[in-house]
Protein chains: 2
Amino acid sequence: MAAGFTTNPTRSEQLLFLTDDQLRQGIELMYFAYRGFTADPDRILEEREYGRAHHRAIHFINRRPGLTVNELIDLLGVTKQSLNRVLRQLVEDGLVDSRVGVEDRRHRNLYLTEPGQALEQELSAAQRRRMRAAFSNAGPEAVAGFRKVLEQMIDPELRARVVGWLDRP
Amino acid sequence: MAAGFTTNPTRSEQLLFLTDDQLRQGIELMYFAYRGFTADPDRILEEREYGRAHHRAIHFINRRPGLTVNELIDLLGVTKQSLNRVLRQLVEDGLVDSRVGVEDRRHRNLYLTEPGQALEQELSAAQRRRMRAAFSNAGPEAVAGFRKVLEQMIDPELRARVVGWLDRP
DNA sequence: CTTGGAATGTCAACATCCCTGACATAAAGT
DNA sequence: ACTTTATGTCAGGGATGTTGACATTCCAAG
């Protein structure tokens, strides 16, 4: 069904990957793949009665130790009320440490505690396992294309804020 | 913690796309891209006070007119009760037609009505627009890689059921 | 033919998560 | 002193998911 690039592709044939049908396939792939993408962490979180919101908070606190509540709200695109419930639980459960800012005492700098880091490791290891399998089976060139397309799918405004962010260690 | 591939560069360099850091980037890309992927439909759905569950139902009913409730449950991976509330709303609002099966009267065959098809068009057109932009900016080779990786990310069990499904018109 | 189990679909009650709106507190800036 | 910023909290509502109970229909064993 795919590639009809046998002889001297005309201009219209070069754009065959932009047909509505190809786009629909991309849409459905995105949906099914995302379900797989979240499946493993979801199972781990369920045991602790946490949800994806907890996972996202833990992930980004691990990525940027000391980031403030507002910065996290910005990254996640949720309301402070929504995030606050999640953070309160994580702090109460001893997974996250919320310290008053030193320069600006209004800020709360967030850090993972030892148990918090342990959960983060468990979650990200599971997610990496699936991602590694997918990358490995698809090959390096496919991975490059995967990243190229996904980058373009991010909201332009968010992309500007997040680009360069991904590369930082 | 991340790549310790300092020695023996030949073989390990070929696997650099499998480092923990590359995988982490893939994970974050997947998260941010999915937010973009759902942003446009979400805005349209909000006006009608619908959610993503309604979108998914509408999408697959459009794709497979006449499919049964159970088939839809299988595709979406939700409980019948959860799906039922969504379907009831859509039927009440005149977007979906639920007809008693002719062979097996326990079945309900689902169809989009005229207004249902109109909403589906609106939703998928918005989603295609973003997908088309991403595909177009990334190029055909990138799109091929994108599809390859996403396919591999789908849960193996689900992939078996869905593969071949995507290609069908 | 009847009866009992299995498949299918529906309804009700409840939990979770995210949202908006309003308000409180503390600290920084002017 | 007054305003702005950052954060936290409470109240209420909507969307989505769950479990439990129940109705309908089909099918097959007795």
Side-chain angles (χ1 to χ4, degrees), chain A residues 31 34-35 38-39 41-43 45-58 61 66-93 96-111, chain B residues 31 34-35 38-39 41-61 66-93 95-111 119 123:
Chain A
Y31 166 64
Y34 196 77
R35 273 173 56 184
T38 55
D42 281 354
R43 272 189 287 274
L45 293 160
E46 200 184 4
E47 300 167 8
R48 312 216 184 187
E49 304 194 324
Y50 287 150
R52 287 185 196 170
H54 301 83
H55 184 186
R56 294 192 282 262
I58 287 172
I61 293 173
L67 94 173
T68 67
V69 173
N70 249 358
E71 289 168 338
L72 190 48
I73 285 171
D74 250 35
L75 263 178
L76 298 178
V78 296
T79 61
K80 61 176 180 176
Q81 297 92 328
S82 192
L83 177 60
N84 188 259
R85 180 170 10 88
V86 168
L87 278 182
R88 197 169 47 213
Q89 284 179 279
L90 292 175
V91 170
E92 278 173 6
D93 296 351
V96 166
D97 197 6
S98 170
R99 307 184 200 155
V100 172
V102 283
E103 288 189 356
D104 189 332
R105 293 174 50 81
R106 292 173 302 181
H107 289 160
R108 296 292 180 277
N109 296 108
L110 304 171
Y111 300 89
Chain B
Y31 166 64
Y34 196 77
R35 272 173 56 182
T38 55
D42 281 354
R43 270 189 288 273
I44 296 169
L45 293 160
E46 200 183 5
E47 300 167 7
R48 311 217 184 188
E49 305 192 327
Y50 288 151
R52 285 185 198 169
H54 302 83
H55 185 188
R56 294 192 283 262
I58 287 172
H59 175 92
F60 287 112
I61 294 173
L67 94 172
T68 67
V69 173
N70 242 6
E71 289 168 336
L72 191 48
I73 285 169
D74 251 34
L75 266 177
L76 299 177
V78 296
T79 61
K80 59 180 179 174
Q81 295 92 331
S82 188
L83 177 61
N84 188 258
R85 179 166 5 89
V86 168
L87 280 181
R88 193 172 48 216
Q89 286 178 278
L90 292 174
V91 169
E92 278 174 6
D93 296 349
L95 300 184
V96 166
D97 198 5
S98 171
R99 307 182 200 157
V100 172
V102 283
E103 289 188 354
D104 189 333
R105 294 174 50 79
R106 292 173 298 183
H107 290 161
R108 297 290 181 278
N109 296 107
L110 304 170
Y111 301 89
L119 177 55
L123 290 166

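Below, each value reflects all heavy atoms present in this structure, side chains not excepted, and no hydrogens, waters or symmetry copies. Just so it is clear: chains get the letters A, B, ... in the order the sequence lines come, proteins before strands, and each one is counted from 1.
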| task | Tell me, yes or no, whether the heavy-atom count around A/E103 atom CD, taken from other residues, nucleotides or ligands under 6.0 Å, exceeds 12. | result | no

| When rounded to the nearest 0.5 angstrom, what distance separates CG in B/L87 from NE2 in B/H54? | 9.0 Å

| said: How long is the straight-line distance from NE2 of B/H55 back to CG of B/L119, given to the nearest 0.5 Å? | reply: 8.0 Å

Side-chain donor-acceptor pairs under 3.5 Å in residues 104-111 of chain A, sequence neighbours left out?
{"from": "A/D104", "atom 1": "OD1", "to": "A/R106", "atom 2": "N", "distance (Å)": "2.9"}
{"from": "A/D104", "atom 1": "OD1", "to": "A/R106", "atom 2": "NE", "distance (Å)": "3.1"}
{"from": "A/D104", "atom 1": "OD2", "to": "A/R106", "atom 2": "NE", "distance (Å)": "3.4"}
{"from": "A/D104", "atom 1": "OD2", "to": "A/R106", "atom 2": "NH2", "distance (Å)": "2.8"}
{"from": "A/R108", "atom 1": "NH1", "to": "A/R105", "atom 2": "O", "distance (Å)": "3.2"}
{"from": "A/R108", "atom 1": "NH1", "to": "A/R106", "atom 2": "O", "distance (Å)": "3.2"}
{"from": "A/N109", "atom 1": "ND2", "to": "A/G66", "atom 2": "O", "distance (Å)": "2.6"}

| remark: Between B/L83 and B/V69, the two heavy atoms sitting closest are CD2-O, 3.9 Å

Can you tabulate the close N/O pairs, meaning under 3.5 Å, that link protein atoms to atoms of nucleotides 17-21 of chain C?
{"from": "C/dC18", "atom 1": "OP1", "to": "A/R56", "atom 2": "NH2", "distance (Å)": "3.1"}
{"from": "C/dC18", "atom 1": "O5'", "to": "A/S82", "atom 2": "OG", "distance (Å)": "3.4"}
{"from": "C/dC19", "atom 1": "OP2", "to": "A/T79", "atom 2": "N", "distance (Å)": "3.2"}
{"from": "C/dC19", "atom 1": "OP2", "to": "A/T79", "atom 2": "OG1", "distance (Å)": "3.3"}
{"from": "C/dC19", "atom 1": "OP2", "to": "A/S82", "atom 2": "OG", "distance (Å)": "3.2"}
{"from": "C/dG21", "atom 1": "N7", "to": "A/Q81", "atom 2": "NE2", "distance (Å)": "3.3"}
{"from": "C/dG21", "atom 1": "O6", "to": "A/Q81", "atom 2": "NE2", "distance (Å)": "2.8"}

| note | Axis-to-axis angle across the helix from C/dC1-D/dG30 to C/dT30-D/dA1, five pairs each end, nearest 10 degrees, ~ 10°

| query | Roughly how far apart are A/D93 CG and A/R88 CZ, rounded to 0.5 Å? | reply | 11.5 Å

| Quick one: CZ on B/R35 to CG on A/L76, what's the gap to the nearest 0.5 Å? | 7.0 Å

| said: Reading DNA chain D from 5' to 3', where do the contacts with chain B start and stop? Cut-off is 4.0 Å to heavy atoms. | reply: D/dA15 to D/dC26

| note | Sorted by chain and number, sequence neighbours left out, side-chain contact (heavy atoms from CB on, under 4.5 Å) with A/D74 holds for A/R161

| Distance from B/L45 atom CG to B/L123 atom CG, nearest 0.5 Å? | 5.0 Å

| request: Only one of B/R48, B/E46, B/E47, B/R52 passes side chain to side chain contact (heavy atoms under 4.5 Å, CB included) with B/Y50; say which it is. | output: B/R48

| request: Using a cut-off of strictly less than 4.0 Å between a heavy atom of the residue and any atom of DNA chain D, enumerate the qualifying residues of residues 96-108 of chain A by number. | output: A/R106, A/H107, A/R108

| message | Please report the distance, rounded to the nearest Å, between CG in B/D74 and C1' in C/dT8. | response | 13 Å

| request: Take the angle between the ring planes of B/F60 and A/Y31 and call it parallel below 30°, perpendicular above 60°, tilted in between. | output: tilted

| said: Could you tell me how far apart B/E92 (CD) and C/dT10 (C1') are, to the nearest whole angstrom? | reply: 12 Å

| query | Measuring from A/N84:CG to A/I73:CD1, what's the distance to the nearest 0.5 Å? | reply | 8.0 Å

| field | More than 12 heavy atoms of other groups within 6.0 Å of A/E49 CD | value | no

| request: To the nearest Å, give me how far apart CD1 (B/I73) and C1' (C/dT10) are. | output: 11 Å

